[in-house]
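Take a look at the structure below.
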Amino acid sequence: MAIWPDRIEWDRPRSASGGKMVLGAMTLGVSLAATGVSKNHSGGSEMIPIRSITSVSTARDGSNTIVQVLTAGGQIDFRVKHREATQVRAVLNDLILRGPEPVKVNVVATSPVVASLPPIDIPAQLKQLKTLYDDGVLTDDEFNTKKAELLARM
């Protein structure tokens with residue numbers, strides 16, 4: 001197993017599993033003849049992106065510890081030595097919590113962008129405010145506060 005900042009990779013051994021041997025015995029060797037019994041040949045490699053890992057836990061299993069990696073697609077177990085399990089779990093948890101490395105982008109602005117708002121017609125705003133006050137929509141305090149704001153802009 002190799003742990004990278006963005007992924008975990010491991011080689012998947014291709015060998016006769018217990019289940020494959022039982023199936024071979026049950027079919028009198030027909031399934032073994034069809035699929036083959038190869039030992040110590042590489043069965044390929046697999047990879048899990050760190051961003052897809054949701055949790056990491058450990059469980060003791062005899063002379064080894066199983067590091068259980070939970071992803072959106074299911075659980076993957078890695079059998080490691082007891083002394084390595086704590087370190088593997090800590091590294092994976094740190095990578096999960098840290099998240100992806102930020103990408104720095106240099107942007108050169110050609111000219112500053114200034115938002116321009118249309119000018120406010122303060123006398124028209126004051127007339128509208130007085131109409132709302134006369135209609136009873138605004139209280140005395142609301143009217144006086146807003147009127148003071150508008151007059152301060154003049």
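FYI, side chains are in, hydrogens and waters are out, and symmetry mates aren't considered; it's all heavy atoms of this structure.
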Of the non-hydrogen atoms in [X] and [Y], which two are nearest, and what is the gap between them?
| X | Y | result |
| --- | --- | --- |
| Ile50 | Trp4 | CG1-O, 4.0 Å |
| Asp11 | Ser45 | OD1-CB, 3.7 Å |
| Asp94 | Arg98 | OD2-NH2, 2.7 Å |

Count the heavy atoms of every other residue, nucleotide or ligand shown that sit under 6.0 Å from CD of Gln87, and state whether that count exceeds 12.
-> no
Decide yes or no on side chain to side chain contact (heavy atoms under 4.5 Å, CB included) for Glu142 and Leu132, but give the supporting numbers first.
-> CA-CA 10 Å; Glu142 292 169 331; Leu132 291 171; over 6 Å; no
Student check: side-chain heavy atoms of Glu46 and Ile76 closer than 4.5 Å | no
From Ile48 atom CD1 to Asp6 atom CG, the distance as rounded to the nearest 0.5 Å | 12.5 Å
d(Met47 CE, Ser52 OG) to nearest 0.5 Å is 8.0 Å
When the side chains of residues 63-75 are checked against the rest of the protein, which donor-acceptor pairs come out under 3.5 Å, sequence neighbours left out?
residue : atom : partner : partner atom : Å
Thr65   : OG1  : His82   : ND1          : 2.5
Gln68   : OE1  : Ser57   : OG           : 2.9
Thr71   : OG1  : Gly73   : N            : 3.2
Thr71   : OG1  : Gly74   : N            : 3.3
Thr71   : OG1  : Gly74   : O            : 3.0
Gln75   : NE2  : Asp77   : OD1          : 2.8

Please report, to 0.1 Å, the donor-acceptor pairs under 3.5 Å made by any side chain of residues 143-154, with sequence neighbours excluded.
residue : atom : partner : partner atom : Å
Asn144  : ND2  : Asp140  : O            : 3.1
Thr145  : OG1  : Asp141  : O            : 2.8

Apply side chain to side chain contact (heavy atoms under 4.5 Å, CB included) to Ile96 and Asn93, showing your working.
-> CA-CA 5 Å; Ile96 293 167; Asn93 281 328; 4.1 Å; yes
For the pair Lys130 and Asp134, evaluate side chain to side chain contact (heavy atoms under 4.5 Å, CB included) and give the outcome as yes or no after the intermediate values.
-> CA-CA 6 Å; Lys130 177 69 170 136; Asp134 291 341; 2.9 Å; yes
